[in-house]
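Chain naming here is simple, since letters A, B, ... match the order of the sequence lines and numbering starts at 1 in each. Note that the coordinates shown come from a computational prediction; the quantities given were computed from them, not determined experimentally.
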Amino acid sequence: MPLDALDDLPDDTVLTLFANGDASAARVLTLRFTPRVLAHAYRLLGDRDEAEDVAQEAMMRLWRIAPEWRQGEAKVTTWLYRVVANLCADRLRRRRGVALDSVPEPVDDAPGADDELMRQARADALQQALDALPARQRQAVVLRHIEGFSNPDIAEIMEIGVEAVESLTARGKRALAAALAGRREELGFGDDG
Amino acid sequence: MMDDDKMNHGLDGFFDAARKTAPAPSAELLARVLDDAQATQAAAGQVAMASAVVTPRPTRLRQLVDLLGGWPAMAGLATAGVAGLWLGISPPAALTGLSLAGFGEADPLLVSMISGDELDLLALEEG
């Protein structure tokens, strides 16, 4: 089937086509999900190389589950983000005890007026603050405020209640705000936020 | 996002920067992922072909069993057959008496399907 014809199809339909051996479906799913999976893994892990490994493994699990996928029962994205979170949690558990000097240094030289560099500096600062959060708070904040999921979707991904999601995001944001408070000025934010 | 920046403790600028600087997958990563996908499809195709080859054609016995309604029906037939055989070899006394009751007592071994009177009438009609 041509790539264009698949672009507008729902995720689970394309996944069924993939399970039936459609080569175009493999390409569409690879391009549709790999960027999202990689970005999410990076935000949970703060490490590009590890995030790539997680992304490849998560996509491998998607390929394997495809023949058993039942259309309409679950969202592919929800399932995939849950897989990514579990793979990241495994890696974070293995990381415990890693010395602090392995954590990336904060960005000291705030870029000046260059918007692109400033944006990257802000993103890096946020990532460092995210890395310091407890894993569940980090996951909830990333899903809500960066990935843009609704609270019910996050509850499904994290397999908890909506109230627990709200609590995790609220605590996570307070901690992030405290961690970033001292860097707001260097990152181009005025006192008014 | 849906919450205003004050609700987000002034973090919206940071979240926005994170969204706009999401790491993009390298061409190598995309190639690896696609390789995995194609290998998975190829392996699934081989398994499907192998199972199609291995599946034997149904035997005549299998076809007969299917024709009669499968093994549950065969079990019923077998039970009825064994019971019939048993009754033929060693009929219970009560059953023997019962079988002769409707056919008169003159000659228990002779069973006439058409009575003698009716045979006479048939002979008259045919001339």
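For A:Val142, no part lies near chain B; criterion is any non-hydrogen pair under 4.5 Å. Residue contact with chain A, scored on non-hydrogen atoms closer than 4.5 Å, involves the backbone and the side chain of B:Ala22 alike. Residue A:Arg36 does not touch chain B at all, counting heavy-atom pairs closer than 4.5 Å.
To the nearest 0.5 angstrom, B:Leu34 atom CG is 8.0 Å from A:Leu31 atom CG. Going from atom CG of B:Asp36 over to atom OG1 of A:Thr30 covers 9.0 Å, rounded to the nearest 0.5 Å.
Nearest approach of A:Arg48 to B:Pro23, heavy atoms of both residues: NH1-CB, 3.3 Å. Residues B:Leu29 and A:Ala55 come closest through the heavy atom pair CD2-CB, 4.4 Å.
Looking only at heavy-atom pairs under 4.5 Å with chain A, the residue among B:Ala24, B:Ser26, B:Ala37, B:Ala18 that has the most is B:Ala37. Contact count versus chain A (heavy atoms, under 4.5 Å) is highest, among B:Gln38, B:Gln41, B:Glu28, for B:Gln41.
In this pair, A:Phe189 and B:Phe14 present their aromatic rings tilted. The plane angle is within the 30 to 60° band.
A:Met60 places a side-chain heavy atom less than 4.5 Å from the side chain of B:Thr40.
Between B:Arg32 and A:Glu52 a salt bridge is recorded (basic side-chain N to carboxylate O distance below 4.0 Å).
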